[in-house]
Protein chains: 2
Amino acid sequence: MTELEQYINSYFGLNAEDLAIVASLFKPSVLLKGDYYLKTGGYCNKLSFISSGMLRVFVLQDGKEITQWISTTGYFVTDLASLTFEVPARWNIQALSDTQLFTIDKEDYNRIGDLVPKWHKMEKLFMTKCFTIMEDRIFAFLSMTAEQRYDFFFEHNRELFNQVPLQYIASMLGMTPETFSRIRRKALS
Amino acid sequence: MTELEQYINSYFGLNAEDLAIVASLFKPSVLLKGDYYLKTGGYCNKLSFISSGMLRVFVLQDGKEITQWISTTGYFVTDLASLTFEVPARWNIQALSDTQLFTIDKEDYNRIGDLVPKWHKMEKLFMTKCFTIMEDRIFAFLSMTAEQRYDFFFEHNRELFNQVPLQYIASMLGMTPETFSRIRRKALS
DNA sequence: TGGACTGCTTGATATAAATCAAGAATTCAG
DNA sequence: CTGAATTCTTGATTTATATCAAGCAGTCCA
């Protein structure tokens with residue numbers, strides 16, 4: 001099994017044959033640090049798997065960048081609404097480091113369902129898992145203080161803290177870099 | 001077309017025949033005000049469509065109720081993760097008023113994909129729309145003040161404000177009832 | 001090798017929102 | 001209809017977090 005097949009296999013329950021078909025539709029590509037995968041307003045016509053590196057999903061709002069998410073090695077990245085409904089993308093997606101991707105274009109993505117009948121069902125299950133994560137995230141904003149969100153996120157994403165500028169993590173947790181820094185000092189002591 | 005078929009049709013692009021098959025699997029039922037559709041820790045083995053009335057999705061946390069969402073007429077309700085993966089439910093779901101439902105049990109829900117091949121694909125598209133709504137909601141917490149969240153929500157859900165206790169809306173917007181009340185007074189003037 | 005960035009920290013202050021407490025207005029049940 | 005619950009409002013106060021401002025520490029080069 002190739003690296004890509006292993007990753008896809010960890011998300012989707014497919015047999016070896018189907019796995020090979022799906023994997024064959026993804027092509028390797030590289031983004032350099034700072035390169036944009038997608039810009040707000042553009043049309044996202046691809047879905048990618050991050051083989052190494054990381055990407056930041058953000059929006060420019062009133063002169064400030066709001067980081068929505070950071071996608072790291074082993075995760076998928078796209079603007080799902082733009083890919084699916086052909087609407088302008090809501091997000092900027094930019095490489096935080098040199099990043100290796102496996103990318104499938106929209107035409108091939110839309111063909112997977114024909115080639116692998118189980119695909120839609122598998123993808124639905126995958127999306128259900130993402131759903132749960134988003135629900136947790138919303139719940140965190142409804143019920144936790146900044147400090148509790150920091151602790152929770154740190155517990156579950158320790159490695160990210162030495163890999164990306166902390167201000168981006170602060171933003172995706174809904175706090176300023178200053179607040180993040182103060183909470184961090186407290187947590188380290 | 002029955003009422004239920006019309007509603008299903010508004011979410012899923014199915015032909016008349018498939019629509020009738022799907023609709024036939026839902027059975028009408030009633031919840032009285034205060035009745036629980038689901039309790040935290042239970043297993044959710046059903047998915048329902050709200051024909052009239054409304055349900056509140058909430059969690060009891062440190063003695064406080066956190067309202068995650070209010071589902072109203074024309075929307076679906078379930079604990080998706082519990083239904084899909086057979087894990088204990090995360091949410092309480094309780095009727096805020098007498099509510100009429102069309103309900104499908106898990107066994108029939110899982111059969112839809114066999115009866116209507118297009119189903120998984122349609123459901124995936126439906127989930128993608130829900131995704132966008134959840135992303136918007138997360139973004140609101142990342143970038144807006146309580147007042148801005150109030151205004152935005154009011155703009156898009158005016159009718160809810162005369163139908164449910166405002167404290168629940170306050171909770172799902174991530175603020176206290178007192179803050180909600182003050183913002184409301186300001187907005188009304 | 002020494003600026004010029006970029007990112008992080010720290011302190012002082014301002015502001016938004018929570019909490020606490022009481023009372024008014026609704027709704028509901030007998 | 002009436003008393004009891006529930007829900008909403010309002011004011012006083014506290015607390016969490018943002019903002020503003022400055023300085024420091026790496027690092028990226030030219």
Side-chain angles (χ1 to χ4, degrees), chain A residues 32-35 54 56 58 60-67 70 94-98 138-154 158 160-189, chain B residues 32-35 53-54 56 58 60-67 70 94-99 138-154 158 160-189:
Chain A
L32 297 181
K33 180 175 178 173
D35 285 353
M54 49 190 79
R56 179 170 72 107
F58 71 99
L60 196 64
Q61 167 113 329
D62 306 327
K64 273 189 285 190
E65 290 181 352
I66 312 285
T67 297
I70 294 168
Q94 187 182 26
L96 285 178
S97 62
D98 293 354
I138 290 170
F139 190 72
F141 285 112
L142 295 182
S143 70
M144 293 184 191
T145 63
E147 189 168 345
Q148 290 170 322
R149 295 199 299 277
Y150 176 100
D151 289 341
F152 187 84
F153 190 79
F154 182 71
R158 244 169 234 276
L160 209 60
F161 284 65
N162 348 319
Q163 294 180 337
V164 307
L166 299 178
Q167 54 181 317
Y168 299 147
I169 301 180
S171 177
M172 71 182 266
L173 291 178
M175 66 187 82
T176 61
E178 292 95 331
T179 294
F180 185 95
S181 173
R182 282 182 249 264
I183 290 173
R184 180 167 176 254
R185 178 175 35 152
K186 204 165 147 191
L188 289 176
S189 67
Chain B
L32 296 181
K33 180 174 179 174
D35 286 353
M54 48 190 77
R56 178 169 71 108
F58 71 97
L60 196 66
Q61 168 113 326
D62 306 328
K64 273 190 287 191
E65 289 181 352
I66 312 285
T67 297
I70 294 169
Q94 188 182 24
L96 284 179
S97 62
D98 294 355
T99 298
I138 290 170
F139 189 72
F141 285 113
L142 294 181
S143 69
M144 294 182 191
T145 63
E147 190 168 345
Q148 290 169 322
R149 294 199 298 277
Y150 175 99
D151 289 341
F152 186 84
F153 190 78
F154 182 70
R158 246 169 233 276
L160 210 59
F161 284 65
N162 350 320
Q163 295 180 336
V164 307
L166 299 177
Q167 56 182 314
Y168 300 147
I169 301 179
S171 178
M172 72 181 264
L173 290 178
M175 65 187 82
T176 61
E178 292 94 331
T179 294
F180 184 94
S181 174
R182 282 182 250 265
I183 290 173
R184 180 167 176 253
R185 177 175 37 150
K186 204 166 149 191
L188 288 177
S189 68

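Here the structure is a predicted model, which is why all the values come from computation and not from measurement. The sequence lines fix the lettering, A, B, ..., with proteins before strands; numbering per chain opens at 1.
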Pairwise distance CD1(A:I169) to CG(A:L160) - rounded to 0.5 angstrom:
4.5 Å
To the nearest 0.5 Å, atom CD of B:E178 lies from atom CD of B:Q167 at 10.5 Å
For A:E147 and D:dA16, what is the distance between atoms CD and C1' respectively, to the nearest whole Å?
10 Å
Separation of D:dT17 P from A:F180 CZ (nearest whole Å):
14 Å
Minimum-distance pair of heavy atoms, taken over all atoms of [X] and [Y]:
| X | Y | value |
| --- | --- | --- |
| A:I138 | B:F141 | CG2-CE1, 4.4 Å |
| A:L173 | B:L142 | C-CD2, 4.3 Å |
| B:S97 | B:M54 | OG-N, 3.5 Å |
| B:Q148 | B:M144 | OE1-CA, 3.2 Å |

Among residues at least two apart in sequence or on other chains, which ones pass side-chain hydrogen bond (donor to acceptor under 3.5 Å, both in side chains) with B:R56?
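side-chain hydrogen bond (donor to acceptor under 3.5 Å, both in side chains) list for B:R56, sorted by chain: B:E65, B:T67.
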Those residues that, when tested against B:F58, pass ring-ring contact (aromatic ring centres under 6.0 Å, His included) (two or more places apart)
none
Report the residues that fulfil side chain to side chain contact (heavy atoms under 4.5 Å, CB included) with [X], sequence neighbours left out, ordered by chain and then residue number.
| X | result |
| --- | --- |
| B:S143 | A:Q61, A:I66, B:F139 |
| B:A95 | B:L31, B:L55, B:T99 |
| A:R184 | A:Y150, A:L166, A:F180, A:L188 |

For nucleotides 21-30 of chain D, just jot down a letter per nucleotide in 5' to 3' order: B, S or -, based on protein non-hydrogen atoms under 4.0 Å.
----------
Let me test you: for the helix from C:dT1-D:dA30 to C:dG30-D:dC1, what is the angle between the axes at its two ends (five pairs each), rounded to 10 degrees?
40°
Distance under 4.0 Å to a non-hydrogen atom of chain B counts as contact; along DNA chain C, which nucleotides mark the start and end?
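Boundary nucleotides touching chain B, in 5' to 3' order, are C:dA17 to C:dC28.
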DNA chain D-proximal residues of residues 160-176 of chain A, any heavy atom under 4.0 Å
A:G174, A:M175, A:T176
Tell me every residue that passes salt bridge (charged side-chain N to carboxylate O under 4.0 Å, His left out) with A:K186, counting only those two or more places apart in sequence or in another chain.
A:E147
What salt bridge (charged side-chain N to carboxylate O under 4.0 Å, His left out) pairs are there with at least one residue in residues 162-175 of chain A, not counting sequence neighbours?
none
Taking the side chain as every heavy atom from C-beta outward, state whether A:I183 and A:M175 have any pair of such atoms under 4.5 Å apart.
yes
At a heavy-atom distance below 4.0 Å, what parts of residues 181-189 of chain A sit against DNA chain C?
A:S181, A:R182, A:R184, A:R185
Under 3.5 Å, is there a donor-acceptor pair between the side chain of B:D98 and the main chain of B:L32?
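Not at all, since once roles are kept as given, no pair shorter than 3.5 Å links the two residues.
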